[in-house]
Amino acid sequence: MAKKLMKGNEAIAAAAISAGATHFFGYPITPQSELIEYMARELPKAGGCFLQAESEVAASYMVYGAGGAGARVITSTSSPGLALKQEGLTYMISAGIPCVVVNISRGGPGLGNILPAQSDYFMCTRGGGNGDYYHPCFAPASVQECVDLVRHAFDVADKYRMPVLVLGDGMTGQMMEPCEIPPRQEVKADKPWAADGNHVARGEHNRINAMDLQADVLEAKNEDIQRRLKEIAETEVMYETVDVEDADIVFVAYGTSSRAVKNVLSKAKAEGLKMGLIRPISLWPFPTEAFDKIKKDCKAVIAVEQSCGQMVEDVRLAVLGRWPVEFYGRSGGNPIIPDDVLKMAKDILGGK
Amino acid sequence: MAKKLMKGNEAIAAAAISAGATHFFGYPITPQSELIEYMARELPKAGGCFLQAESEVAASYMVYGAGGAGARVITSTSSPGLALKQEGLTYMISAGIPCVVVNISRGGPGLGNILPAQSDYFMCTRGGGNGDYYHPCFAPASVQECVDLVRHAFDVADKYRMPVLVLGDGMTGQMMEPCEIPPRQEVKADKPWAADGNHVARGEHNRINAMDLQADVLEAKNEDIQRRLKEIAETEVMYETVDVEDADIVFVAYGTSSRAVKNVLSKAKAEGLKMGLIRPISLWPFPTEAFDKIKKDCKAVIAVEQSCGQMVEDVRLAVLGRWPVEFYGRSGGNPIIPDDVLKMAKDILGGK
Amino acid sequence: MLEQVIVAGFGGQGVLRIGQMITYAGFAEGKEVTWAPSYGPEMRGGTANCSCVISDEPIGTPVLMEANSIIVMNLPSLHKFEPVVIEGGKLFINSSIIKEKATRTDISVFYIEASDIAAEAGNALGANMVMLGAYVAATGIVQLETLYDLVKQTFTGSKAKFVDSNIECIKAGAEAIKALV
Amino acid sequence: MLEQVIVAGFGGQGVLRIGQMITYAGFAEGKEVTWAPSYGPEMRGGTANCSCVISDEPIGTPVLMEANSIIVMNLPSLHKFEPVVIEGGKLFINSSIIKEKATRTDISVFYIEASDIAAEAGNALGANMVMLGAYVAATGIVQLETLYDLVKQTFTGSKAKFVDSNIECIKAGAEAIKALV
Amino acid sequence: MAVVYKKSEALTDAPLTYCPGCTHGIIHKLVAETLVELGVFDRAIGVGPVGCSALCDFFFACDMFIAAHGRAPAVATGVKRAHPDKIVFTYQGDGDLASIGTAEVVHAAHRGEKITTIFVNNAIYGMTGGQMAPTTLVGQKATTAPEGRSEEHCGKPIRMAEMLATIEGAKFVERVTVNSPANVRKAKAAIKKAFECQIEGKGFAMVEVLSTCPTNWGYSPVEALRWLDENMVPYYPLGNYKNEL
Amino acid sequence: MAVVYKKSEALTDAPLTYCPGCTHGIIHKLVAETLVELGVFDRAIGVGPVGCSALCDFFFACDMFIAAHGRAPAVATGVKRAHPDKIVFTYQGDGDLASIGTAEVVHAAHRGEKITTIFVNNAIYGMTGGQMAPTTLVGQKATTAPEGRSEEHCGKPIRMAEMLATIEGAKFVERVTVNSPANVRKAKAAIKKAFECQIEGKGFAMVEVLSTCPTNWGYSPVEALRWLDENMVPYYPLGNYKNEL
Amino acid sequence: MAKAKLTFDTEKCKGCELCIQFCPKKILVLDTETNQKGYFPAKVTNIDECIACGTCAIMCPDSIITVEKE
Amino acid sequence: MAKAKLTFDTEKCKGCELCIQFCPKKILVLDTETNQKGYFPAKVTNIDECIACGTCAIMCPDSIITVEKE
Ligand SMILES: Cc1ncc(C[n+]2csc(CCOP(=O)(O)OP(=O)(O)O)c2C)c(N)n1
Ligand SMILES: Cc1ncc(C[n+]2csc(CCOP(=O)(O)OP(=O)(O)O)c2C)c(N)n1
Ligand code: SF4
Ligand code: SF4
Ligand code: SF4
Ligand code: SF4
C-alpha cells in the first residue's frame, strides 16, 4: 500500500475499516465530524453498517448490542459526548464487550470549545463510570500512529474483552500527514461467548449482562476483570523515549503536546542542553517502567499537557519522589509554546 | 434538638431540608430509595419542591436549571446513576452551579448489585466528565456525620459555586444510628450571578452557560476554576486521625470501611500492637497533610477499601515513597473483615 | 459493655423489628447503638437479618462478622449463624420452627418455643416479640420496662389495641428464659 | 531542510488549499510533511489559516508558533502574522487586497498583486494559486512541475476544464516573483 | 395422553423471581410460546431491561442481553444491525421504556428498526419498591407520590402506545392486558403479529401489556387483576393503534 | 415619524452569529417581540440549546441559560420550579429537541411543565456542519447521509408536533413556518398563544417552526425559503395540533 | 374416571391463586401445607370434573401446571 | 416627498436578500460596495415609493431595518 496524505480523523476511520470493523454507531460532534462522515461514506461500501444514533448514550448501547452479538464495532465522539458514554463504558466492562471508542477531545469542562485539549485524561484513564476498572487507552501522536493504534485497539479489545479507548484531540483529528492504510482484513474472531442467536440448537443460551446480585459472584467477576487488567498492565504498555538516559530534564508528554516537546528537544540540543522525552503511547497502562531509565541526578521531570494537570498525577506515581516533578500546561484549546517550555526547563537547570 | 435514631438515607434527606434546600430532583435507584422517598414526603411539607425526573441525566439538568436560577438544590443517586450525571457535573463546573450531589454507592462495575461498595472513588474524586476539574467530595462514616457533612456541603457549594459530592455507600444509607437534625434554616444566599429573571429592569441580563469558544476566554475560566479548587484544597480538607503518631502500621480508610478498621484498631490495641488510622473525610481534597504525622519508621501504610483499590493511588501520592504502601480490599459488596486486615498488618510487622 | 447481636430469619417473621427494638431500647437507656440490616438479593430470596451493637463506647463497624448473641428464627439462619457466635456467647433458637439442635458446646443455647408461646399469648404473629423478651431477659442488656415503653410509643392511635398483646409476648419470652435457667 | 509556512486569509480565499498544495507537493517529492488547519471559532468569524511543515527530518509539532515563510491574503492576517516570521524569513502579501505595507525590515517581503494577476490570467478565483506560484518560485521548496502535476490530478472528469487556468495562475505567480527579484 | 398445556421450551427451568401472582410471568410465557410457534425460537435474541425482569436472561432460553436501564431499544438496534437475519425483541417495564428510555424507544420506532418490543406497563416501579412511574394513574399512591399522583404537580400518565403510533417507522402498535384468559389470548395474538411484523421486515412493532404489581400496589394477585381492570383499562384503552402488516 | 418596525428591545445589540439569511434570526425576533407585547419580558428566563443558537444567551436580553445538548426542557423545568412566577421558554433545534433531547421534551410535556418551547426545525444539524437530523427528509443529502436519507436504513423523518400533541400535559402545539411575511405573522400568533398558555398556567406549549439552513442545504437564502415550501411543508403540515387554551 | 391430568411443579408454586380464580370448574384450592419456599401451593380437589381446558395453566404466571387429556 | 423612512444598520447586514425578495414595491437592492464584514448590504433605491409596510423589516433575520412613517 502506498502512503497517502490524510487527516487524522479520516485515517482513524479508514484504519477501523481496514481492521475489519463492520459496525459504527455514533452521534455527531465537533471536532471529530470527518471521522463519522468518512464512516458514513465508506463503511457501507465495505459492506459494513454505519448508523447515526439519537445520542451518545444510545450509541454506546448500540455498541453494547452489536459488540455483545460478536461484531467488530467502533464509536467515536468528543469530550462531553464521552462523558455521556460513561455508563455505557462501565456496563461494557462488566459485560465484557470488546469495542473501540475514539475520543477526539476538545476544550472543557462542559461544552467548552472545539479546540485541541488534553483535559480528558482522567476520564479516559481512570474510568469515569462507577465500579473498579480501567480500560486501555492509546494516544497517537501522528496520523500514522492513529492508523496503527486504532488497528491495535481492536485486537486488544477482542483479546481482553473490553472497550479500548483511542484518545486524540482536535489537532490529531484535523491535521494531515502521510500514512499508510493496510488493506481491509476480514476478521473471523472466535467469540463463543457472543449472544448471536446461534445457541438454541445446541441447547445453550448465552447471556450478556452487567448485573451480579450476589456479592461473591460479583467479587469473582471483579477478580476476573482485575486479572485481565493486570495482564494488560504487564504486556500492553507502549511508549517512546527520546534521549532519556543522560537527560538533565525529562519531559513527559503524549499526543499533540509531545510533538511540541519534540521541538523543544531540538532547540535544547541545538543549545547543547541535555533533555529527553518520555512519550506514553498507552496512557493506561501508564509506562511507569520508562522512568527507570532516568539518571539519578536528573534535575526534574516535567509533565507537559494541554490541560491544567492530570497526567502529572501518573507521573508523580511513577516517579514516587525520586526526582522533582514539575508541570507545564495550557488550557482552553491553547497550544503548548515550545519556547516557554524550554525557558521553564532552563530556569530549573539554572537553579531558578 | 433531641437525638433520634435514623437511617443514613433519611438523615441525609432531613439534613438537606434542615440546611434550607428547597429543591430536590432525582430518579429512583437502590440503595438510596429511602432518601428520595423521605424527600417526596417531607420536602413539600417544608414548602419545597420534590420532583421525580425522567432520568438521572434530566435530574442533573433540572439541578443545573434550579441551581443556576438561585435555588438551594440537591440530587441523589447511586453508582450507575452518577455515571449518567457526569456530563451534567462537568457542565455545572463550567457554569458555576452550586448544588449537592449524593451518591449512595453500590457494587460495580455496570449495574453490579445493590450492596455496599466503595468503588466509585475515582468517579467521585477525579471528575468522571470531560475537562479539568475536581469537585469537593465528603464521605461520612456515621449517620451523624451524614447530617453534618450534607449541611456543610451546601455551604461549600455556595461559597465556591460548584457541585459538591457526598459519598456514602449502601451501608451508610441503610444503617440506623442516633443523630441530631438541627432546625430548618431559611437561607437567603446572595447570588447576584443567578439567572432568576430579575435583571431586565436593571438593563442587565445574566447568562448561565458552559461554552467559551475563544481559547483565551476558556483558559481564563479554567484559571478561575483552578483558583477556586486551590483555595478549597488549602482550606476545606477534613480528616480524622486515630493514634497515628506512634503507629507501626497506619491504615487509611473512609466511610464504611473506616468503621471496620476501628474494630481492627481495638483488637490491635488489645494485643498491644501500635496501629493508627487516617480517615479522610474530604476525599477531594485528599488529606495529604495528615500523612506528615506518621513516624519515620512506620512499617507500612495500608489502604483499606471496599474496592479493588482506588483511593490507594491518592495514598501513594500522599506517601510518595516514604513508607511502603499496601492495599486490602473487598469488592462486589462484600464487607471488610477486620480479622483479615489485622492479620495482614501483623504479617507485615512480623516481616512476612 | 459491648453487645453485638445478630437477628436472622425469614422475611415476614419480623426479625428486623427485633433488632430495631433492641437498638431503640439501648438508645433510650443512653447507650451508643447501631443497627444495620442486611439487604440485597437475599432479602428478595426470603431471608433477612440485621446486626445491632449496643455499647458504652463509640461503635466501630455496624456490620457484624461475629456476635455475642444471635437470635435465629428459621433453620437456614441457624446453619448460617451458629458458627458466628463468639466463644461463650448466646444463641437463641425459635424451636417452634427450628427442629434441629445447635451443635456447638462452647456457647449457651436457648431453645424457645416462640411461635407456640406467642399463639398461647393470643398473638399468633408475636413470635418475634417472644424472642425479644427471651433475649433481653437472658442478657440483661436493657430493661424489660424499656421495651414495654417502646411498645407503647410504637402502637398509638388505631393501633393502640396491639400494645397489650405485644407486651404479653415479651413477658412470656422472658418467663420462658427463667424456666430455662 | 526545514520549511515552516503559515497561510492566512479570509474563509473563501482558498488559503487552506494553498497549504494543502504545498504539503501535497512536498509529499510528492518525498519529503516529510504535515498540514494543520486552524479551526474553531475564528473559522466562523471568517478568517482561516493553516500551518505546513516540509522537512527532511521527522517533524515535531504541526502547529506553528513561528514560520520561515508566511503567505497573507487579507489585512487582519498581515497584522496577526507579520510578527511571527523568523528573522530572515519571507512574507508574501496579496497586495491586490492588502493596501498596507509590512513594517519589518529583517525579513524579505514580496508584494504580489495576486487578485489582479489572477483576473488577468482569466481566473478571477485564482489569487490563491498565484500566491502559491509566487511562494514556490521564491523559496524553491518544491518544483513548480510538481504543482502542475497536482493540479492535473486534482481536477479530473468534469472539472478537467479548470486545469489550465489554475496552472496559468501558478505560472503567473512565479513570473511575478522573477520580476521582483 | 395429549398435552393441552405445558411450559414452553423457550423458557428455562429456572424459577421466576417475580412475586406471587405478578403477571410478568404470564407475559413471559406468551413471548416464549410465540417464538416457538412462529418457528423463530432458534434464531431469537432477547434484550431485557433493568426492572423486575432484569433477570429474564435467566428465564428465556434463547441468547439474551440485559441492557442498562432504558437502553434496550438501542441494544436491540445494535444486535439487529449485526444480525439482520435474527429475530430480536426487547422486554421492558414502564420505568424503563416510558421514563429513562423514552428517547431510545422513540428512535427505534423512528428508524423503523425491525425489532419487536414487549412493553410491560404496571403503572409503577416494581424492582425499586414502588416509586411513581410516568404511567402511574392520577391519585394512585407511590412511595415518591405518597399522597397519590397529582396532575397539577406532574401531569397525567403518558400513553405510550398512542404516542408511538404517530411515528411512521412504527408498523404495529397494540395495547393488551393479561388479566383474564380471554385477554391473555388476545395478548398472545397481538404479540404474534408484532413478531410477524419483524419477520416480514416491515419495521418497529410494540405491544403494550397492562400488567399487575400486586406487591407494590398492595393487593392480592387476584385483587390486582381487578384493580387493573377497573382503573388502568379505562385510562389505557385496549386495542390496536397501528397495523401496517 | 411613527415607528412601523424597529428591533425589539428584548434583543441585545450583539450581531447575530447566524449565516446570512438563516431564519433563526426571524424566529428570535418573534420570540422577543412576543415577550414585550405580552408584558412578560421583565420576568422572562430563556433556555437555549446546543446548536447554531447556542449563543442565543448573547442575543436575548432577558436572563438566559444555555443547556447541554438536548437538555433545555430539563433545565427549564428546574428554572420554572424554582421560580413559578417567571415566564420560562426553551429555544431548541431539531437535533437538540428531536434527537438527543427526545426524553426531556416528552417528559416536560408529560408533566405538563408550564413552559413554552420554540422548536426550530431546519431538517439538518446546522452547527456541526450538516449531519442528518431525525427531521431530515427522505432523499435529502447530509454529511452523514451522503446518498440522501434512506427510509430503509433509518426510517422516515419524525414529526414532533404530531407526536407531542398526543401527550395530555401538552396544551398547545402548533406547526408554523417563517418563509413569507404571511407565515411570519401566523408564526408570531402561534408563539403568542404558546406564551399565553404558560401565563395562564395551563401546561406545556410548543411551537414547531420550519426554518431554513441555507449554508448546509447549499442554497441561497431565498432559494432556501422556496425549498422549505416545496419540500418541508408537504411532509410537515402547518397548523394547530392542540389548543386547550 | 378422569379424562384429564394435571401436574403441578409444586415446589415452584407461589400460591398466588390465579389458577384457582379462573378455573371454570372451581376444582383448584391451595394446599394447607407449605412447600419448601414457604408458599401454600395449589392443588386439584376433584380431577374427575376437570375438562382439561388449560385455563389454569394459561393463567399461571410461573408456568408450573401441565395439563393433559386423553 | 417620502412619507416613509428606512434606516439600515448597514454594518450588520449580511446581504441575504430576504428584504429584497419580499418588498412589495421592489425598491430594495444590494449595494455594490461591501461593508466591513465583506457583505454587500441592502439599501433602498427609491424611498418615495416605499409604503412603509414593514415587510422588509419583518423578514430581515438580523433585525437591522427600522421603518418609520409620517
Ligand atoms: C441508570 C439507572 N437508574 C435507575 C436504576 C434503578 N432502577 C432499577 S429498575 C427501575 C425501575 C423499574 O420499573 P419498571 O421499568 O416499571 O419495571 P418493573 O420493575 O415495574 O417491572 C429503576 C428506577 C438503575 N438500575 N439504573
Ligand atoms: C453531548 C453533545 N453531543 C453532540 C454535540 C455536538 N452538537 C452540537 S450542535 C449539534 C446539533 C445541532 O443541530 P440542531 O439541534 O438541529 O440545531 P441547528 O444547529 O441546526 O440550529 C450537535 C450534534 C454536543 N455539543 N454535545
Ligand atoms: S414487584 Fe411487582 S412487578 Fe415486580 S415481581 Fe413483584 S409483583 Fe411483579
Ligand atoms: S448553519 Fe444553518 S442553521 Fe446554522 S446559522 Fe447557518 S444557516 Fe442558520
Ligand atoms: S397460578 Fe401457578 S403459581 Fe399461582 S397458585 Fe396457581 S399454580 Fe401456583
Ligand atoms: S434581510 Fe436584513 S440582513 Fe438580509 S439583506 Fe435585507 S437588510 Fe440585509
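Every chain is numbered from 1 and lettered A, B, ... according to where its sequence line falls, protein lines coming before strand lines. Because the structure is a prediction, the values reported are computed rather than measured.
Heavy-atom pairs under 4.5 Å with chain D were tallied for A:Lys262, A:Arg106, A:Gln174, A:Met176; the largest tally goes to A:Met176. Highest contact tally toward chain D, considering only A:Gly170, A:Pro335, A:Ser142, is held by A:Gly170 [criterion: heavy-atom pairs under 4.5 Å]. Ranked by heavy-atom pairs shorter than 4.5 Å toward chain A, the options D:Cys52, D:Pro62, D:Cys50, D:Pro58 are led by D:Pro62.
Taking the charged nitrogens against the carboxylate oxygens, D:Glu66 and A:Lys267 do have a contact shorter than 4.0 Å, which makes a salt bridge.
D:Lys159 NZ: 12 or fewer foreign heavy atoms inside a 6.0 Å radius. D:Glu145 CD: more than 12 foreign heavy atoms inside a 6.0 Å radius. Shown here is A:Glu271, whose CD atom has more than 12 heavy atoms of other residues, nucleotides or ligands within 6.0 Å.
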Test side-chain contact (heavy atoms from CB on, under 4.5 Å) applied to D:Tyr24 and A:Leu5, step by step
CA-CA 7 Å; D:Tyr24 274 108; A:Leu5 273 171; 3.3 Å; yes
Apply side-chain contact (heavy atoms from CB on, under 4.5 Å) to D:Trp35 and A:Glu177, showing your working.
CA-CA 7 Å; D:Trp35 173 89; A:Glu177 282 185 336; over 6 Å; no
Set out, in order, the CA-CA distance, both residues' side-chain angles and the distance that settles side-chain contact (heavy atoms from CB on, under 4.5 Å) for D:Phe27 and A:Lys3, then state yes or no.
CA-CA 9 Å; D:Phe27 177 56; A:Lys3 281 203 176 194; 3.9 Å; yes
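A distance of 7.5 Å separates NZ of A:Lys7 from CD of D:Gln20, quoted to the nearest 0.5 Å. From A:Asn263, atom CG reaches atom CD1 of D:Ile59 across 10.0 Å, with rounding to the nearest 0.5 Å. Separation of atoms CG (A:Leu115) and OH (D:Tyr39) is listed at 5.5 Å; rounding is to 0.5 Å.
For A:Leu265, no part lies near chain D; criterion is any non-hydrogen pair under 4.5 Å. Both the backbone and the side chain of D:Val33 have a heavy atom closer than 4.5 Å to some heavy atom of chain A. Interface remark: A:Pro31 contributes side-chain atoms only to the contact with chain D (heavy atom separation under 4.5 Å).
Residue D:Thr61 forms a side-chain contact (heavy atoms from CB on, under 4.5 Å) with just one option from A:Arg259, A:Met175, A:Met171, and that option is A:Arg259.
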